[in-house]
Amino acid sequence: MSNTTTPITLTITQDLGGMRLDQALQRLMPEHSRSRIQGWIKDGLVTIADEATTSKFKVWGGEKVQIVPQAAPDSHAFEPEDIPLDVVYEDDHILVINKPAGLVVHPAAGNWSGTLLNALLHHAPQLKDVPRAGIVHRLDKDTSGLLVVAKTLAAQTNLVRQLQARTVKREYRTIVWGQVWRNGKVDQPIGRHPHARTKMAVNRMGKPAVTHYEVLDRFGVHTYMRCLLETGRTHQIRVHMQHLKAPIVGDPVYGIRGILPLRHMSEHLKEVLLNFKRQALHAIRLGLKHPATGVAMEWQVELAADMKVLLEAMRVETMPAEESENFMIYNEDHAYEYDEDDDYDEDDDWLDEEDEE
């Protein structure tokens with residue numbers, strides 16, 4: 001459905017003579033930002049004498065300008081959309097979803113529709129009365145797996161408190177580059193990257209962050225791991241795996257940046273890796289106390305299908321251990337901008353939960 005509104009015609013007043021067109025229109029339409037007006041002009045929605053123009057066009061007064069204003073991109077951000085959901089559990093208080101990779105959790109710049117929030121409002125219309133449609137934590141766009149949603153304000157408050165108290169159990173599975181030889185934990189604070197505003201990093205001025213990890217299987221040039229979150233920071237597992245020099249396969253922001261060890265991989269594995277278009281991270285298990293009954297509950301789902309395919313391709317690889325230790329060049333200090341489609345909101349402390357990586 002189009003968000004175009006009825007065209008309007010304005011006359012540039014004499015006192016605005018000498019101004020740029022975008023400046024003059026912003027004076028005449030103060031309810032709209034100048035950047036929005038510039039967007040309309042760029043899209044050909046502003047004409048003078050039936051001719052499209054530019055923001056820099058200088059007006060002298062008396063010109064009649066026709067404008068076809070459009071609603072703000074976020075004007076439909078909180079509307080229900082019929083998007084299929086994989087519901088693992090549901091009752092009157094909570095909803096547990098197995099989120100697919102590629103689905104953004106909450107509307108934000110670049111993703112004002114087609115999100116999990118839009119799907120939730122369609123699935124359970126009463127969520128319109130719960131802040132953020134009951135979302136209490138999130139997963140990045142390209143992370144798959146379990147996520148809990150509150151269906152009432154009381155349940156939401158309870159779940160947020162459980163997250164703050166670090167009593168919610170969250171287990172992830174990931175596939176990383178390199179061979180990790182022992183189990184352990186990363187206890188390193190995470191904050192904003194010093195050189196890339198939209199990127200997170202291990203930062204001594206950041207918030208405490210602890211990730212426990214366990215090796216499940218080692219392959220020629222990869223390791224399959226279990227990660228348990230003790231805290232929940234934005235991009236926590238992804239940043240901590242980078243810190244271990246074991247970046248997650250497919251991660252476009254914190255992943256391997258160097259020379260891939262192609263000579264050590266079969267043609268089949270090369271093909272599977274090249275076609276794997278997201279970070280290999282899956283929220284496989286979730287445990288919490290039911291917000292209404294207090295009963296401990298836990299859910300576990302299968303590993304995402306694309307990660308299963310990736311694992312199977314890796315299982316047939318062989319590589320001498322002495323070669324695998326120095327197989328790649330990796331530069332963790334390089335600043336890489338993250339994808340604007342990623343589900344990241346720097347102002348949302350309540351969403352500082354790494355199922356969010």
Side-chain angles (χ1 to χ4, degrees), residues 1-3 71-170 232 234 282-301 341-345 347-356:
M1 181 176 62
S2 174
N3 62 354
D74 59 348
S75 61
H76 302 293
F78 293 88
E79 291 188 354
E81 294 181 40
D82 188 3
I83 300 171
L85 291 175
D86 182 359
V87 178
V88 176
Y89 175 85
E90 182 174 14
D91 61 23
D92 291 338
H93 306 278
I94 61 174
L95 180 65
V96 178
I97 302 295
N98 184 13
K99 187 189 85 68
L103 180 64
V104 172
V105 171
H106 195 277
N111 294 285
W112 293 118
S113 63
T115 69
L116 176 64
L117 182 143
N118 300 116
L120 289 170
L121 291 173
H122 180 271
H123 177 82
Q126 69 271 27
L127 286 174
K128 70 181 187 300
D129 298 321
V130 183
R132 303 192 190 238
I135 296 171
V136 294
H137 68 137
R138 63 183 181 181
L139 297 172
D140 282 344
K141 174 186 176 181
D142 287 327
T143 296
S144 53
L146 291 170
L147 180 146
V148 64
V149 175
K151 295 180 71 175
T152 68
L153 181 58
Q156 187 179 52
T157 301
N158 182 281
L159 290 173
V160 169
R161 288 174 178 168
Q162 290 189 53
L163 287 164
Q164 292 172 339
R166 302 183 183 179
T167 58
V168 176
K169 299 176 183 177
R170 290 162 290 169
T234 300
H282 179 74
I284 199 166
R285 186 167 64 94
L286 175 68
L288 50 83
K289 289 185 178 180
H290 193 281
T293 66
V295 174
M297 303 186 74
E298 186 173 291
W299 302 271
Q300 183 163 334
V301 292
D341 290 339
D342 213 2
D343 186 17
Y344 172 66
D345 189 339
D347 298 320
D348 282 341
D349 289 338
W350 72 276
L351 277 179
D352 197 16
E353 295 301 330
E354 142 73 50
D355 348 342
E356 311 152 48

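Residue numbers start at 1 and run along the sequence shown. Given the structure is predicted, the values throughout are model-derived calculations rather than measurements.
In this structure, A133 and L117 approach most closely via the heavy-atom pair CB-CG, 3.8 Å. For the pair R170 and L286, the tightest heavy-atom approach, listed with the atom from each and the gap, is CG-CD1, 3.9 Å. Across I94 and P291, no two heavy atoms sit closer than the pair CG2-CG, 3.5 Å. Closest approach of L163 and V136 over heavy atoms only: CD1-O, 3.5 Å. Scanning both residues, A150 and L159, for their nearest heavy atoms gives CB-CD1, 3.9 Å. The minimum heavy-atom distance between H106 and T115, with the atom names listed, is C-CG2, 4.2 Å.
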V149/R132 under side-chain contact (heavy atoms from CB on, under 4.5 Å): CA gap, chis, key distance, verdict: CA-CA 10 Å; V149 175; R132 303 192 190 238; over 6 Å; no

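Proximity of L153 to P131: side-chain heavy atoms (C-beta onward) are separated by under 4.5 Å at one or more points. By the 4.5 Å heavy-atom criterion applied to side chains, T234 and R138 are counted as neighbours. At a threshold of 4.5 Å between non-hydrogen side-chain atoms, the residues L120 and I135 count as touching. The closest side-chain heavy-atom distance from I284 to Q300 is below 4.5 Å. Within the 4.5 Å cutoff, the side chain of L116 has no heavy atoms near those of the I83 side chain. Annotation: side chain of V87 is in contact with side chain of I97 (closest heavy-atom distance under 4.5 Å). Put simply, the side chain of K289 does not reach to within 4.5 Å of the side chain of T167, judged on heavy atoms.
Evaluation of the side chain to side chain contact (heavy atoms under 4.5 Å, CB included) rule for D86 yields N98 as partners, not counting sequence neighbours. Residues that satisfy the side chain to side chain donor-acceptor pair (under 3.5 Å) test with E298, not counting sequence neighbours, are R285.
For residues 82-104, the ring pair (Phe, Tyr, Trp, His ring centres under 6.0 Å) pairs, not counting sequence neighbours, are Y89-W299, H93-H290.
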Using a 3.5 Å cut-off and no angle test, enumerate the donor-acceptor pairs between side-chain atoms of residues 121-129 and protein atoms at least two apart in sequence or in another chain.
residue: H123; atom: NE2; partner: E90; partner atom: OE1; Å: 3.0
residue: H123; atom: NE2; partner: E90; partner atom: OE2; Å: 3.2

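Q162 places no side-chain N or O within donor-acceptor distance of the main-chain N or O of V168, the cut-off being under 3.5 Å.
Rounded to the nearest 0.5 angstrom, K99 NZ and K141 NZ are separated by 9.5 Å. Summarising the geometry, atom CD belonging to E79 is positioned 8.0 Å from atom CG belonging to N118; distances are rounded to the nearest 0.5 Å.
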